[in-house]
Every structure is written in structure tokens, then in C-alpha cells.
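Okay, so here's the structure we're looking at.
As the structure lists them, so they are numbered: ligands from 1, and atoms in each ligand from 1. Please read these numbers as outputs of a predicted model, since none were measured by experiment.
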Amino acid sequence: MSIRILVTLTLGMALFGASTGCGGESKPSPEATSAAVNTDKPAEPKAAEPAPAPTPEPAQADVVATPDEQGLVHVTANDQMRFSANRINAKAGEKIRIELKNVGSLPKEAMGHNLVVLKADADVTAFGTKAMAAKATNYIPADAADQIVAHTKLLGPGETDVIEIASLTPGAYPFVCSFPGHLALMKGVLVVE
Ligand code: CO
């Protein structure tokens with residue numbers, strides 16, 4: 001559409017130039033140039049450029065943890081209810097070892113953390129609801145055991161635990177902290193390729 005308007009304007013200017021017979025001046029007048037630019041402007045954002053993608057929140061950006069030389073993946077959890085990674089990369093068919101360290105200082109009863117790897121098709125929200133009611137078993141719900149691949153202990157400040165998974169088939173396995181209220185912020189995905 002904007003091209004058509006420009007062509008029309010250019011034709012108009014050429015005709016105007018011819019009819020008035022202004023010999024030496026081949027440049028369009030400043031008025032004509034600015035008119036063409038102004039006409040062209042409104043159509044541009046829709047036609048040429050797609051709307052810029054929304055800037056992702058920092059919390060949603062992938063922070064990837066990978067195994068060290070000994071094959072151990074290090075993840076920490078803090079008093080701000082955050083894991084140090086929201087993505088863990090692992091290889092299919094190989095042993096997976098994940099260490100969780102609680103680097104916070106708040107008491108376990110108020111800010112305990114665990115790392116629970118769920119099955120690829122697990123309903124994370126439903127699991128979280130059941131976990132909240134499982135205080136007696138440190139928020140590992142017995143009635144959702146079939147959703148769990150592996151989990152650490154519930155850790156207080158300075159404590160560490162390691163989970164070992166013999167092997168997994170390729171897929172995306174959600175992991176969460178199942179302490180009440182933490183799941184919304186403390187979650188990620190174990191990607192097995
Ligand atoms: Co937690």
C-alpha cells in the first residue's frame with residue numbers, strides 16, 4: 001500500500017515538473033519529500049516489522065546446570081526460594097547424580113528445601129497440592145509416589161544431599177522443591193538427551 005502511495009506521489013511530482021517545465025531542477029522540492037515520508041510512516045510497523053517479542057523475566061531465563069568432571073550436578077537453594085538452576089542437562093542412558101545444597105540460613109521449618117524430580121508426564125500442580133499435605137513425610141506425598149523419579153531429603157541451612165538416578169530415557173522431567181509455597185518459584189526441568 002505504501003509503495004503504491006509513493007508511486008502515485010512520484011508520478012504526480014513528475015507530471016507537475018513536466019507541466020511547469022522547471023528545466024534545471026531535477027530534485028523534488030523539500031515539501032514533496034517530507035510529504036512522501038509522512039505518508040509512508042503509519043503503514044510501516046504493521047507491514048514490515050513484527051511486534052518486538054516481550055522481554056522475558058529474568059526468573060524465566062534458563063540457568064543451566066551440567067555435570068562436573070565427576071558427573072555430579074551441583075544445585076543450590078537459598079532463602080529467597082530459588083534454585084541456582086532451572087534447567088539441568090543430562091545424557092540419556094547414563095547415571096545422573098544431582099547434589100542439592102541449602103545455602104540459606106533460615107531454619108528448616110520455615111525455609112526447608114528439597115529437590116524432587118518428577119516423571120515427564122507428571123501433573124506438577126496436582127503433585128504440589130498433595131505435597132503440601134504431607135508434612136509428616138517431609139512433603140514427599142506417599143499418594144503421589146508414582147509421580148516421583150527421585151528426591152533429596154528436606155534440607156535445613158548448610159545441609160547437602162545427593163540423589164542418584166540410574167538412567168532415564170530422553171525427555172523433559174520437571175523438578176521442584178515440594179516445601180509448601182515454594183513450588184511456584186522453585187521449579188525447573190531436567191532435560192535428558
Ligand atoms: Co524450597
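- Side-chain atoms of Ile96 and Ile88, non-hydrogen and from C-beta on, never get closer than 4.5 Å to each other.
- Of all N/O/S atoms in His113, ND1 sits nearest the Co ion (ligand 1).
- Counting all heavy atoms, side chain and backbone alike, Phe127 lies closest to Ala144 at CD1-CB, 3.8 Å.
- Remark: at the Co ion (ligand 1), atom SD from Met186 and atom SG from Cys177 enclose 110°, rounded to the nearest 10 degrees.
- Among the atoms of Asn114, no N, O or S atom falls under 2.8 Å of the Co ion (ligand 1).
- In terms of distance to the Co ion (ligand 1), the nearest N, O or S atom of His182 is named ND1.
- Not one N or O on the side chain of Asp62 forms a donor-acceptor pair closer than 3.5 Å with the backbone of Val64.
- The two residues Ala120 and Tyr173 come nearest to each other via the heavy atoms N-CD2, 3.6 Å.
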